[in-house]
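Comments concern the structure below.
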Amino acid sequence: MNNTWGDMAQYDPVTWNWVIAVYLFMAGLSAGSVLIGIGMRWYSRDKKTESPILKAAALIGPVAISLGLACLVFDLTKPFHFWLILVNYNFQSVMAIGVVALLAYSPLGIAYALIVLKDDLPKWKLGFLSGIADLLMPFRKIIEVLLFILAIGVGAYTGFLISAMNAYPMLNTAVLPALFLVSGLSAGAAANLVVALLMFNTDTHSPEVAKMHRIELPVIIAEMMFLVMLFSALYFTGGSAATALASLNTGIWASVFWIGVVGIGFAIPLLAMLLPSSARHSKALMLTVACCSLTGVLALRHFIVYAGQSYIS
């Protein structure tokens with residue numbers, strides 16, 4: 001039977017719900033933010049000054065992953081037994097490998113945040129943490145490299161996690177890890193820009209913001225390419241896999257895809273690139289476009305999770 005339902009009440013059989021979609025979004029956001037921040041620092045000639053983009057990444061990384069993990073824990077049947085996952089490992093399980101990566105990534109993210117945000121801690125009434133930041137400073141390089149590598153793993157892991165669901169053709173594809181990693185970069189870049197503008201008062205005409213603008217187009221093109229690959233694979237596989245293509249033209253999740261992912265997430269940022277330079281560098285437009293990118297990635301996570309479980313034979 002073709003499970004192509006048209007309203008939310010018909011999605012009761014869905015095993016993984018919006019909480020998992022938000023977790024996947026937060027994990028990708030955290031990883032993407034860290035990758036963009038550290039990557040831009042390595043690319044920059046001035047490595048002695050903590051740039052607003054790097055500060056934003058250092059803040060977003062641990063906060064986003066902590067919120068995501070909170071969603072994951074409270075989605076468990078027995079949330080207060082979550083610690084059992086930390087002491088029982090089956091390394092043939094994608095989830096177990098992901099837990100190990102997260103256990104290393106999360107504390108390293110906090111340590112890196114203390115290093116990067118050391119000068120900002122007193123104004124946030126967290127000056128008592130400055131001593132810890134001083135102790136960590138000699139290990140900055142190794143922490144930075146390890147965090148960057150782990151961020152790649154965390155960003156791709158979210159795709160591997162749901163691609164292990166063999167019964168669902170849209171989810172059981174090798175394209176998802178790459179799609180989730182690239183869309184995480186999109187969300188991370190957007191979030192870094194929002195936080196840098198609002199919290200660290202970066203100049204909209206700064207060289208770093210210009211670099212962020214140059215990242216936008218390649219990332220959007222890569223996202224669209226992986227989406228085309230995903231749906232092409234479903235089409236050419238045929239049978240039950242091709243059934244999942246109905247998610248593009250029937251039901252509520254078709255609207256989420258075309259309005260949320262394509263319209264808000266892709267079209268608005270692309271159209272903004274066509275505006276005159278003076279308009280593109282206005283703070284209001286930058287914040288609007290960044291929020292559209294974040295909305296598009298969140299919509300993509302929901303579309304993949306819900307439509308992937310619902311449109312099966």
Side-chain angles (χ1 to χ4, degrees), residues 8 11 16-37 53 56-57 59-61 63-65 67-68 70-71 155 158-159 162 170 176 179-199 204 209 212-213 215-228 230-231 247-248 251-275 279-280 282-308:
M8 292 302 293
Y11 282 96
W16 286 6
N17 57 22
W18 66 269
V19 178
I20 299 300
V22 171
Y23 159 68
L24 296 173
F25 170 73
M26 286 295 182
L29 169 62
S30 174
S33 176
V34 167
L35 288 171
I36 294 290
I53 296 294
L59 183 61
I60 293 167
V63 170
I65 198 64
L67 292 173
C71 289
T158 56
I162 62 174
M170 187 188 294
L176 275 189
L179 174 61
F180 274 28
L181 179 59
V182 172
S183 61
L185 288 173
S186 178
N192 283 353
L193 189 58
V194 170
V195 173
L197 287 171
L198 295 181
M199 288 190 65
T204 57
V209 170
M212 296 286 284
H213 281 311
I215 291 171
E216 284 178 307
L217 184 58
V219 169
I220 290 176
I221 290 174
E223 277 188 88
M224 293 191 293
M225 179 185 72
F226 285 124
L227 279 170
V228 170
L230 172 64
F231 293 122
S247 62
L248 294 177
I252 189 174
W253 296 109
S255 299
V256 169
F257 179 79
W258 291 110
I259 297 173
V261 179
V262 177
I264 298 175
F266 292 156
I268 293 178
L270 287 172
L271 289 172
M273 294 178 192
L274 302 177
L275 295 174
R280 282 188 285 114
S282 73
K283 186 173 182 178
L285 183 67
M286 284 185 179
L287 290 173
T288 299
V289 171
C291 289
C292 286
S293 296
L294 288 167
T295 301
V297 176
L298 183 59
L300 176 63
R301 294 296 194 272
H302 279 79
F303 172 78
I304 293 293
V305 168
Y306 276 93

_Nearest heavy atoms of Met170 and Phe231, plus distance in Å_ = CE-CE2, 4.4 Å
_Test ring-ring contact (aromatic ring centres under 6.0 Å, His included) applied to His213 - qualifying residues, sequence neighbours left out_ = His281
_If I compare all heavy atoms of Ser247 with all of Phe303, which pair ends up nearest, and what's the gap?_
OG-CZ, 3.5 Å
*Between the side chain of Tyr306 and the main-chain N/O of Trp18, is any donor-acceptor distance below 3.5 Å?*
yes
*Please report the shortest heavy-atom distance between Ala56 and Ala196, naming the atom on each side.*
CB-N, 3.9 Å
*Would you say the side chain of Met26 lies within less than 4.5 Å of the side chain of Thr158, judging by non-hydrogen atoms?*
no
*N/O donor-acceptor pair under 3.5 Å between Trp258 side chain and Leu248 backbone*: yes
*side-chain contact (heavy atoms from CB on, under 4.5 Å) between Ile220 and Met273: does it pass, once the steps are laid out?*
CA-CA 12 Å; Ile220 290 176; Met273 294 178 192; 4.1 Å; yes
_Nearest heavy-atom neighbours spanning Val22 and Cys71_ = CG1-SG, 3.9 Å
*asked:* Using only atom types and a distance under 3.5 Å, with no angle test, would you say the side chain of Ser293 pairs donor to acceptor with the backbone of Val289?
replied: yes
*Can any side-chain N or O of Arg280 pair as donor or acceptor with the backbone N or O of Leu285 at less than 3.5 Å?*
no
*Quick one: list whatever passes side-chain contact (heavy atoms from CB on, under 4.5 Å) with Ala187, sequence neighbours left out.*
Phe25, Leu29, Leu294, Val297
*Can you name the closest pair of heavy atoms from Val219 and Ser186 and give their distance?*
CG1-CB, 3.6 Å
*Specify the closest pair of heavy atoms between Leu287 and Leu197, including all atoms of both residues, with the distance to one decimal.*
CD2-CD1, 3.8 Å
*Kindly indicate whether the side chain of Tyr23, heavy atoms from C-beta on, has any atom under 4.5 Å from the side chain of Arg301.*
no
*Indicate yes or no for a side-chain donor-acceptor contact from Ser33 to the backbone of Ser30 under 3.5 Å, with no hydrogens or angles considered.*
no
*asked:* Parallel, tilted or perpendicular, judged at 30° and 60°: which one describes the rings of His302 and Trp253?
replied: parallel
_side-chain contact (heavy atoms from CB on, under 4.5 Å), that's the test. Do Leu24 and Ile304 meet it? Break it down for me._
CA-CA 10 Å; Leu24 296 173; Ile304 293 293; over 6 Å; no
